[in-house]
Structures are given as C-alpha cells and as structure tokens.
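Down below is the structure, laid out as structure tokens.
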Amino acid sequence: MIGFLRGRLVQKLPPMLVIDVHGVGYEVQAPMSTFYQLEHTQEEVTILTHMHVREDAMLLYGFASESERTLFKTLIKVNGVGAKMALGILSAMSVNEFCGYVDAGDVTALTRIPGVGKKTAERLLIEMRDRLKPIFESGLLSYEPAIDGVGTMGTVSATLSSVQQSACDALMALGYKAPQAEKMIQSVYEEGVSLEELIKRALQGVKL
C-alpha cells in the first residue's frame with residue numbers, strides 16, 4: 001500500500017490532484033479541506049494517502065492531516081457510505097465539526113451533506129459514535145468539543161464562466177446535483193475569485 005506521496009504538485013483540478021513523484025504522475029482524489037492548504041502548483045508537497053481497491057479500479061485518496069485520513073477510513077466502513085460520500089463529508093465540514101455533530105446527535109446537520117439522507121445520517125450517528133471513541137483514545141484523531149456540546153463546525157449552465165463551471169464540476173464530483181451546484185456557486189461568486197476560494201465559499205454557504 002502507499003502511505004504517503006512526496007513530490008511536485010503538478011495540477012489542481014478539484015477533487016483531483018496530480019503529484020509528480022520522480023517522473024511518475026499520481027492522480028489523487030482529495031477533499032476540499034486538503035485543497036485549501038495547497039496554495040501553489042509546482043511546489044513540493046507531502047500528502048498522506050489511502051489506496052482504495054475496487055473490482056474495476058485502484059484509487060488513491062489524499063489528505064493533509066492524519067485526522068482527515070483516519071476519519072475517511074472510518075467513514076467508508078459504515079454501511080452505505082462510499083469513498084465519494086466520505087470525500088463530500090470532509091469537504092463540507094472539518095473533522096472537528098463532524099465529530100461535534102455526531103457527539104450532539106445532530107441529524108439535521110448531516111443531512112445537509114450531498115447524498116446523505118435522513119436514514120444515512122441516522123446510521124452515521126449510531127455507527128460513528130461507537131467507532132470514534134477508540135480512535136480518540138488512540139490519538140489518531142483529535143476532537144475538541146465546543147462549549148455548547150456541538151462542533152464548531154448533470155451539466156451546468158452554458159452561461160457560467162470557466163471558473164464557475166470548474167467549481168460546479170467539483171461540487172458535482174462531491175455529490176451535488178447540477179442545479180444545486182450552480183445555485184451554490186452563483187450565490188457566492190465574485191469576479192476575480194480563485195477556483196479554490198469559490199468552492200470554499202459555496203460549501204460554507206450550505207453549512208449550518
């Protein structure tokens with residue numbers, strides 16, 4: 001298995017990163033929380049990875065922190081939660097926010113994540129509460145409860161600019177429907193804003 005990659009960041013096309021490691025370009029899917037910490041291409045980066053093996057593919061997922069990777073690996077063990085949904089969760093909220101919502105039993109907050117319905121949210125609360133406790137105790141995942149007990153937590157329109165379309169494509173890759181993604185992007189778009197910042201604003205706009 002591949003535990004991490006250290007190399008030159010060649011391309012950022014959310015949710016995909018391409019990292020050149022001694023002349024080999026590794027395609028890595030990453031949550032937006034990781035993208036926000038990678039400011040420039042052509043710089044050397046170190047990304048923690050998880051290799052996900054399917055019958056038809058071997059996929060690499062990358063993370064900026066051990067807490068993110070640990071939460072991702074724990075999420076995909078939950079029945080009905082695949083890698084795509086796990087990426088959506090980590091893109092929509094921080095590790096601390098997710099743990100806070102689980103700790104508080106906040107079903108409503110989890111149903112705001114793309115692809116997460118009420119039944120899936122309830123399953124997440126039940127299964128993750130039991131799974132997270134030993135992980136906290138092991139030190140692989142850090143969580144600081146807030147004072148109040150809750151964590152601080154298709155195709156798109158042809159009229160969109162290229163950066164808006166790229167942002168919409170990234171949101172759809174995370175599980176949002178095309179009309180929803182377009183609406184989210186248009187509500188926060190400003191001329192001159194970067195792709196990563198635009199996606200960040202859109203995701204923050206749907207958080208509680």
Side-chain angles (χ1 to χ4, degrees), residues 1-53 57-76 83-99 114 139-144 152-153 156 160-176 181 184-185 188-207:
M1 292 296 184
I2 301 175
F4 72 91
L5 294 174
R6 180 181 295 120
R8 183 167 53 90
L9 178 60
V10 176
Q11 188 176 40
K12 296 170 63 181
L13 188 62
M16 184 73 70
L17 299 169
V18 178
I19 301 174
D20 180 346
V21 181
H22 300 301
V24 179
Y26 289 87
E27 293 184 345
V28 182
Q29 295 189 49
M32 291 310 303
S33 53
T34 295
F35 270 81
Y36 302 149
Q37 299 185 51
L38 303 175
E39 295 185 2
H40 307 292
T41 58
Q42 308 307 320
E43 292 185 347
E44 183 172 289
V45 298
T46 299
I47 297 292
L48 302 177
T49 58
H50 170 72
M51 180 178 285
H52 190 63
V53 180
M58 289 192 300
L59 304 174
L60 269 180
Y61 294 89
F63 310 92
S65 69
E66 185 57 55
S67 287
E68 287 183 342
R69 180 168 65 174
T70 298
L71 181 56
F72 176 87
K73 292 167 68 174
T74 306
L75 283 167
I76 60 177
K84 184 176 182 179
M85 184 180 293
L87 277 188
I89 291 171
L90 285 168
S91 293
M93 59 186 64
S94 68
V95 171
N96 203 70
E97 286 173 326
F98 177 81
C99 293
L140 289 174
L141 193 155
S142 59
Y143 163 54
E144 297 181 5
T152 58
M153 303 244 193
V156 297
L160 297 181
S161 68
S162 59
V163 69
Q164 286 174 300
Q165 283 192 322
S166 295
C168 284
D169 290 342
L171 292 181
M172 287 188 289
L174 294 172
Y176 290 94
M184 291 165 60
I185 293 299
V188 297
Y189 177 73
E190 290 182 1
E191 188 174 352
V193 68
S194 68
L195 175 60
E196 288 82 6
E197 178 63 23
L198 181 56
I199 296 171
K200 182 177 182 179
R201 291 181 185 182
L203 289 169
Q204 288 178 336
V206 300
K207 290 163 58 176

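Counting heavy atoms from C-beta outward, Leu5 and Leu60 have side chains that approach closer than 4.5 Å. By the 4.5 Å heavy-atom criterion applied to side chains, Tyr36 and Ile199 are counted as neighbours. A heavy-atom distance below 4.5 Å is found between the side chains of Arg201 and Glu190. A 4.5 Å side-chain heavy-atom check between Tyr176 and Leu203 finds at least one atom pair inside the cut-off. Between Met16 and Gln11, the closest side-chain pair of non-hydrogen atoms is not below 4.5 Å.
Across Val28 and Tyr61, no two heavy atoms sit closer than the pair CG1-C, 3.6 Å. Listed here is the closest heavy atom pair of Glu27 and Val18: CG-CG2, 4.3 Å. Here the closest heavy-atom approach between residue Ala202 and residue Met184 is recorded as O-CE, 3.6 Å. When all heavy atoms are compared, the tightest approach of Leu17 to Ala30 is CD1-CB, 3.9 Å. Heavy-atom minimum distance, Glu66 versus Leu48: N-CD1, 3.5 Å. Annotation for Gly62 and Ile47: closest pair CA-CG2, 3.4 Å, computed over non-hydrogen atoms.
In this structure, CD on Gln29 lies 8.5 Å from CZ on Phe72, to the nearest 0.5 angstrom. The SG atom of Cys168 sits 5.0 Å away from the CD1 atom of Ile185 when rounded to the nearest 0.5 Å. Rounding to the nearest 0.5 Å places CG of Leu171 at 8.0 Å from CG of Leu198. Taken to the nearest 0.5 Å, the CG atom of Leu59 stands 12.5 Å off from the NZ atom of Lys84. The line from NZ of Lys200 to OG of Ser91 is 12.5 Å long, rounded to the nearest 0.5 Å. Arg6 contributes atom CZ, which lies 6.5 Å from atom CD of Glu44 (distance to the nearest 0.5 angstrom).
No donor-acceptor distance shorter than 3.5 angstrom exists from the side chain of Lys12 to the backbone of Leu195, with no hydrogens or angles considered. Using a distance-only test at 3.5 Å, with no hydrogens or angles considered, a donor-acceptor pair links the side chain of Glu68 to the main chain of Ala64. In this structure, the side chain of Thr49 engages the main chain of Ile2 through a donor-acceptor pair within 3.5 Å.
With Leu87 as the fixed residue, the side-chain contact (heavy atoms from CB on, under 4.5 Å) test singles out one of Leu75, Ile76, Thr34, Leu174: Leu174.
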